Trainee: 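Supplied in structure tokens, the structure appears directly below.
Residue numbering restarts at 1 for every chain, and letters A, B, ... go by the order of the sequence lines. In this text, all values refer to a predicted model and were calculated from it rather than measured experimentally.
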Protein chains: 2
Amino acid sequence: MSQQRHGSTPGEAGGVPAFPDLPEATIARLPEYLRALHHLAETGAETVSSEGLAAAAGVNSAKLRKDLSHLGSYGTRGVGYDVSLLVAQIEYILGLDENRAVCLVGVGNLGHALAGYAGFASRGFRVVALFDTDPRKVGEQINGLTVRHIDDLERIAAEESIAIGVIATPPGTAQTVADALVAAGVTSILNFAPGVLSVPSNVDVRKVDLAIELQILSFHEHRKASLTALPGGRSAAASPDKLPDNQKAVGS
Amino acid sequence: MSQQRHGSTPGEAGGVPAFPDLPEATIARLPEYLRALHHLAETGAETVSSEGLAAAAGVNSAKLRKDLSHLGSYGTRGVGYDVSLLVAQIEYILGLDENRAVCLVGVGNLGHALAGYAGFASRGFRVVALFDTDPRKVGEQINGLTVRHIDDLERIAAEESIAIGVIATPPGTAQTVADALVAAGVTSILNFAPGVLSVPSNVDVRKVDLAIELQILSFHEHRKASLTALPGGRSAAASPDKLPDNQKAVGS
DNA sequence: CGCGATTTGTGCACGCCTTCACAAGCGCCT
DNA sequence: AGGCGCTTGTGAAGGCGTGCACAAATCGCG
């Protein structure tokens with residue numbers, strides 16, 4: 001190891017490193033940097049400049065430098081960043097060196113696909129348990145795992161030290177499942193079911209709603225269409241007929 | 001006052017709305033409001049207060065009011081918002097009244113699930129075409145649709161007026177597919193493949209990376225673990241009440 | 001008809017994030 | 001050894017988004 005001293009080096013001896021409190025925006029980008037770095041490492045690059053890494057990650061180079069500066073000084077002026085060192089540092093910060101155990105609840109259409117998603121295993125996670133309530137699905141084998149009944153969640157979560165749960169159930173049962181996960185000691189939830197979950201404040205929830213993503217794109221389609229329809233003038237087609245008649249026209 | 005100024009185009013003469021340019025953050029929340037409103041409509045509510053709708057959507061009520069004020073004045077002071085009117089207005093803004101056609105490229109593990117995802121159809125989108133390059137998958141029937149070869153993309157996209165494409169291929173082929181989509185006239189892309197896509201500036205891309213979501217959760221697990229290990233850190237004080245915490249949604 | 005209760009719409013201040021611009025530091029070449 | 005070019009790390013400024021607090025507006029009721 002090098003004799004370099006950094007505040008939160010993985011190998012820091014003598015107690016817990018002071019955990020840097022990074023801006024949320026930075027945290028959300030670290031995984032993207034990590035993926036780009038892995039790609040660079042495969043191509044044999046040993047160092048990379050902020051400009052190069054920023055391009056690979058699709059961000060501004062100044063932003064990247066500021067993000068990385070929050071982790072500490074891991075670059076060399078005039079040279080760039082050491083790829084493997086930076087990989088190790090980011091993986092440490094993200095806690096990926098622990099190969100975290102994940103459980104998945106809801107083995108329906110989407111859950112089935114997630115259970116077999118290779119991207120999880122290759123990026124630091126082990127899907128160790130599948131749950132469902134449907135008796136016809138319990139017992140099914142998926143990707144080497146047996147689907148269990150959700151009543152076994154608490155026991156298995158404790159056995160396997162599961163801290164992260166993924167919800168892929170229909171919307172109606174998502175809250176019930178979330179409560180069960182929390183009761184089983186899960187403190188991070190990734191929710192694919194539409195709707196808002198209520199959880200204790202010490203539990204983190206991230207939501208992925210596929211339809212919402214499409215709706216946001218749809219908005220931009222609508223916007224683009226209304227712009228190209230008549231540049232500079234009033235749009236020909238776009239007229240919100242849904243409005244009540246007394247509000248339709250502006251009475252000026 | 002029957003003649004009320006229509007808020008969506010303040011100061012604009014002629015009565016036709018130039019497209020209101022909403023803050024991105026607002027746009028990202030509109031779909032959540034819409035979902036909550038649909039839920040309210042099913043329960044028979046005709047009006048809803050900003051407080052009530054905000055709770056259902058998991059946001060601050062002041063934020064909700066400000067968001068809606070960007071669309072215009074669709075509430076009544078002392079009463080609240082008319083549910084069906086607000087639904088119509090948000091659907092119009094998001095362009096959902098056009099029941100947009102969507103195509104999906106990559107019928108692998110994840111793509112297969114997306115093709116059958118009921119949430120798309122029920123929220124304003126029609127999946128009208130599936131594509132893949134694998135000859136063994138071409139011709140397969142999924143959910144009433146036949147998987148076509150990607151060479152047919154350009155023709156079918158034109159026939160069906162497809163403006164939105166979903167990429168669910170392995171990372172290596174995502175850029176090629178994106179290029180093909182752009183060439184076929186698609187101007188909005190939802191990308192499930194890890195990595196950065198480069199597209200012309202008139203094309204919108206949204207990315208959903210499932211592993212990144214887990215990695216962000218992993219960071220918070222790591223942080224929480226290091227806090228509880230520290231003596232001085234605020235212990236995870238049992239806060240039994242479930243607050244409608246701000247649930248971080250994926251997105252930019 | 002007027003008053004009080006209720007709820008919207010918004011001005012304002014604050015904090016986070018982004019971006020620019022540049023000084024400081026490092027290696028290489030002469 | 002010294003200078004030169006390259007790259008990082010960061011101070012400062014500007015923009016965006018959030019949340020508070022309150023005036024304006026509307027309804028119901030006596």
Trainee: Please state how far atom CG in B:D82 lies from atom C1' in D:dC27, giving the value in whole angstrom units.
Mentor: 15 Å

Trainee: Quick one: which protein N/O atoms are closer than 3.5 Å to N/O atoms of nucleotides 16-18 of chain D? Pair and distance per line, please.
Mentor:
residue : atom : partner : partner atom : Å
D:dT18  : OP1  : B:R29   : NH1          : 2.7
D:dT18  : OP2  : B:R29   : NH2          : 3.0

Trainee: Taking only residues two or more places apart in sequence, or in another chain, which ones meet A:Y117 in a ring-ring contact (aromatic ring centres under 6.0 Å, His included)?
Mentor: A:F120

Trainee: Nearest whole angstrom, please: distance from the P of D:dT10 to the CZ of A:R65.
Mentor: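 Roughly 11 Å, once rounded to whole Å.
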
Trainee: I need the CD-C1' distance between B:E46 and D:dC27, as an integer number of Å.
Mentor: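 Distance, rounded to whole Å: 16 Å.
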
Trainee: Taking only residues two or more places apart in sequence, or in another chain, which ones meet B:T76 in a side-chain hydrogen bond (donor to acceptor under 3.5 Å, both in side chains)?
Mentor: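 Listed in chain order: nothing, the list is empty.
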
Trainee: Whole angstroms only, please: what is the NE2-P distance between A:H70 and C:dT18?
Mentor: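 The distance from NE2 of A:H70 to P of C:dT18 comes to 10 Å, rounded to the nearest Å.
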
Trainee: Checking A:Y81 now: which residues fulfil ring-ring contact (aromatic ring centres under 6.0 Å, His included) with it, not counting sequence neighbours?
Mentor: none

Trainee: Using a distance-only test with no angle check, is there a side-chain donor-acceptor pair under 3.5 angstrom linking B:D67 and B:T26?
Mentor: yes

Trainee: Indicate the atoms forming the closest heavy-atom contact of B:E51 with B:S61, along with that distance.
Mentor: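 Residues B:E51 and B:S61, closest heavy atoms: OE1-OG, 3.5 Å.
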
Trainee: Does the protein touch nucleotides 2-7 of chain D at the base, only the backbone, or not at all? Give it as B, S and - per nucleotide, heavy atoms under 4.0 Å.
Mentor: ----BB

Trainee: Measure from CD on B:Q89 to P on C:dT8 and round the result to the nearest Å.
Mentor: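 After rounding, the reported distance stands at 17 Å.
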
Trainee: Rounded to the Å, how far apart are A:L71 CG and D:dT8 C1'?
Mentor: 14 Å

Trainee: Nucleotides 28-30 of chain D: which of its N/O atoms have a protein N/O under 3.5 Å away?
Mentor:
none

